[in-house]
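Hydrogens, waters and symmetry mates are skipped; everything else that's a heavy atom, side chains included, is used. Just so you know, ligand 1 is whichever comes first in the structure, and atom 1 is the first atom listed for that ligand.
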Amino acid sequence: MERANLDWSNLEFQYVKTDYHLEYYFKDGKWSEAKIVENDTIELSIAATSLHYGQQCFEGLKAFEQVSGKITVFRVDENARRMATSARKILMEPFPEDKFIEAVYKVVQLNRRFIPPYGTGASLYVRPLLIGTSGIVGVKPSEEYLFLVFVTPVGPYFKGGLKPIRLLVEEEIDRAAPLGVGDVKVGGNYAAGLRASKKAKSLGYNEVLYLDAKHKKYIDESGPANFLGITKDNKYVTPASSSILPSITNKSLRVLAEKEMGMKVEQRAIDVEEIFDFKEAGCCGTAAVITPVKSITYRDREVVYLNDNEIGEVCRDLYDHLTGIQLGTHEDKYGWNFEVPMD
Ligand SMILES: *Cc1c(COP(=O)(O)O)cnc(C)c1O
C-alpha cells in the first residue's frame, strides 16, 4: 500500500483527516461491534450529556514504525485501563479494555498509509474518545454512549521537538481541585486551563506550571503534561498529587531513570521553591515525550536551566532511552511495545 503524500519530517501536532475511524455504540446494556466510518463528522442529539454536562473522556497514545519495519503501539494496555478509570469517575459506561486494544490495532491497520516512516521523528497519534449520547436535559448520567477512535499523523507537540520551553507558574487560575477530576482525562480540565495557557503564551512563555489549588505551594503539572525535576544530586523528582493526571510517559520515565540510569526516583509533594535548586526540569506526556524546560518564572523570579538550544544531559538520556524503545533501537525489556498485526 502506498503511503500518503505528506511532508513526514515537518508534521506539526495537528489534526489531519485520515481514511477511517471506528465507532462503537453502547445501547440497551451492551456494546456494538466496530463500525468503520469514512466521514469524520458525527450526528448527535442536541441534548446529549457530553455536550451539556461534560460527560466525555479521552485518551492519547502513539503508533510507530520501528527500525525493523514492525508497527507497534506504546503501552496501549495502560491507556485502556486509564480510560475505564476516567469513565467510571464521571459515571460513564467504561469501554472494555480488551476491545480497546483491538480497536486501536484495527484503526491503525485501516490507516496504515498514514503511519509516518521510521526516521522522520513523526508518529501516528491515536485518539480514543468516549461520550455520553443520550438526549437528557436533566443532570444525570447518559444511558447511551459512543466510543470512537481516530488517528492522525503528528510531529512534535511543542514546535521544534526537543527545543527547550519556558514555563510560567500560574497562581490566579486553577486547572483542577484536589477532590475534583484532575486525575482523569476529561475535556473539562482542558477547558479550565485555556485562559491560563493563553495568558502564558501572550507573555512569551510556552506553557503554564500549575500549583496545587488548595495550598498554592506545591507543583501540580503543566497544562497537557506532567512535570519532573532533576536535583543536583541526580534524583528524578515528580509530583504526587490528587489533581494531576497519572501520565504513562512519566511512569515509564521513572522506570528508565531508576533501572537504566541508576537514579533515585521520588514521587512526592514538591514545594515550588525547589525549582530554584534543580539542575534540570522537563515536561512529559505522550505528545510532549520529554520536553526540556529552559526556564521557570515564579512571581518576580526566573530560574534558567539551559541556554538557547541546549538540552540537559539527563533529559537527553531519558529521551533517548524512551524513544529508543519506542522505535526498536533499544531492547524492550519491560514489554511496553505492542505489535500491531499488519498481515
Ligand atoms: C494526557 C495527559 C498527560 C500525559 O499523559 P501520558 O499518559 O503520558 O500521555 C499529562 N497531563 C494531562 C493533564 C493529560 O491530560
*Taking non-hydrogen atoms only, is Arg75 closer than 4.0 angstrom to ligand 1 via side chain, backbone, both or neither?*
neither
*Side chain, backbone, both or neither: which part of Ala225 comes within less than 4.0 Å of ligand 1 when only heavy atoms are counted?*
backbone
*Taking atom OH of Tyr210 and atom CD1 of Ile219, what is their separation to the nearest 0.5 Å?*
14.5 Å
*When Glu274 is tested against each of Lys235, Arg268, Lys232 for salt bridge (Lys or Arg N to Asp or Glu O under 4.0 Å), which residue passes?*
Arg268
*In terms of hydrophobic clustering (I, L, V, M, F, W, Y; side-chain heavy atoms under 4.5 Å; direct or indirect links), are Phe114 and Phe64 co-clustered?*
no
_Heavy atoms only, cut-off 4.0 Å: how does Ala287 contact ligand 1, side chain, backbone, both, or neither?_
neither
_Option passing salt bridge (Lys or Arg N to Asp or Glu O under 4.0 Å) with Lys199 (candidates Glu170, Glu171, Glu207)_ = Glu170
*Nearest protein heavy-atom contact for atom 13 (C) of ligand 1: which residue, which atom, what distance?*
Arg175 NH2, 3.1 Å
_Mutual orientation of the aromatic rings belonging to Phe147 and Phe95 [parallel < 30°, tilted 30-60°, perpendicular > 60°]_ = parallel
_Test your reading of the structure: does Tyr190 have an N or O sitting under 3.5 Å from an N or O of ligand 1?_
yes
*Around atom 2 (C) of ligand 1, find the nearest protein heavy atom and jot down its residue, atom name and distance.*
Lys185 NZ, 2.6 Å
_Distance under 4.0 Å to a non-hydrogen atom of Glu221: what atoms of ligand 1 satisfy this?_
10 (C), 11 (N), 12 (C), 13 (C)
*asked:* Regarding ligand 1, does Arg82 bring an N or O atom to under 3.5 Å of one of the ligand's N or O atoms?
replied: yes
_Show the atoms of ligand 1 that are less than 4.0 angstrom away from any heavy atom in Gly223._
13 (C)
*Enter the distance from Ser123:OG to Trp8:CH2 here, rounded to the nearest 0.5 Å.*
10.5 Å
*Can you tell me how far CH2 of Trp31 sits from NZ of Lys99, rounded to the nearest 0.5 angstrom?*
8.5 Å
*Is Glu310 salt-bridged to Lys294, cutoff N-O under 4.0 Å?*
no
*Is Phe58 close to ligand 1, meaning an N/O of one under 3.5 Å from an N/O of the other?*
no
*Centre of Phe276's six-membered ring, under 6.0 Å away, within 45 degrees of the axis: is that where NZ or CZ of Arg301 sits?*
yes
*Would Tyr125 and Val151 show up in the same hydrophobic cluster when neighbours are defined by side-chain heavy atoms closer than 4.5 Å?*
no
*Starting from atom 9 (O) of ligand 1, which protein heavy atom do you reach first, and at what distance in Å?*
Thr286 OG1, 2.6 Å
*Below 4.0 Å from any atom of ligand 1, is there a heavy atom belonging to Lys251?*
no
_Does ligand 1 come near enough to Asn250 that some N or O of the ligand is less than 3.5 Å from an N or O of the residue?_
no
_atom 3 (C) of ligand 1 - nearest protein heavy atom and its distance_ = Pro224 O, 3.5 Å
*Side chain or backbone of Ile248 under 4.0 Å from ligand 1, or both, or neither, by non-hydrogen atoms?*
both
*With a 4.0 Å cut-off on heavy atoms, does Pro246 reach ligand 1?*
no
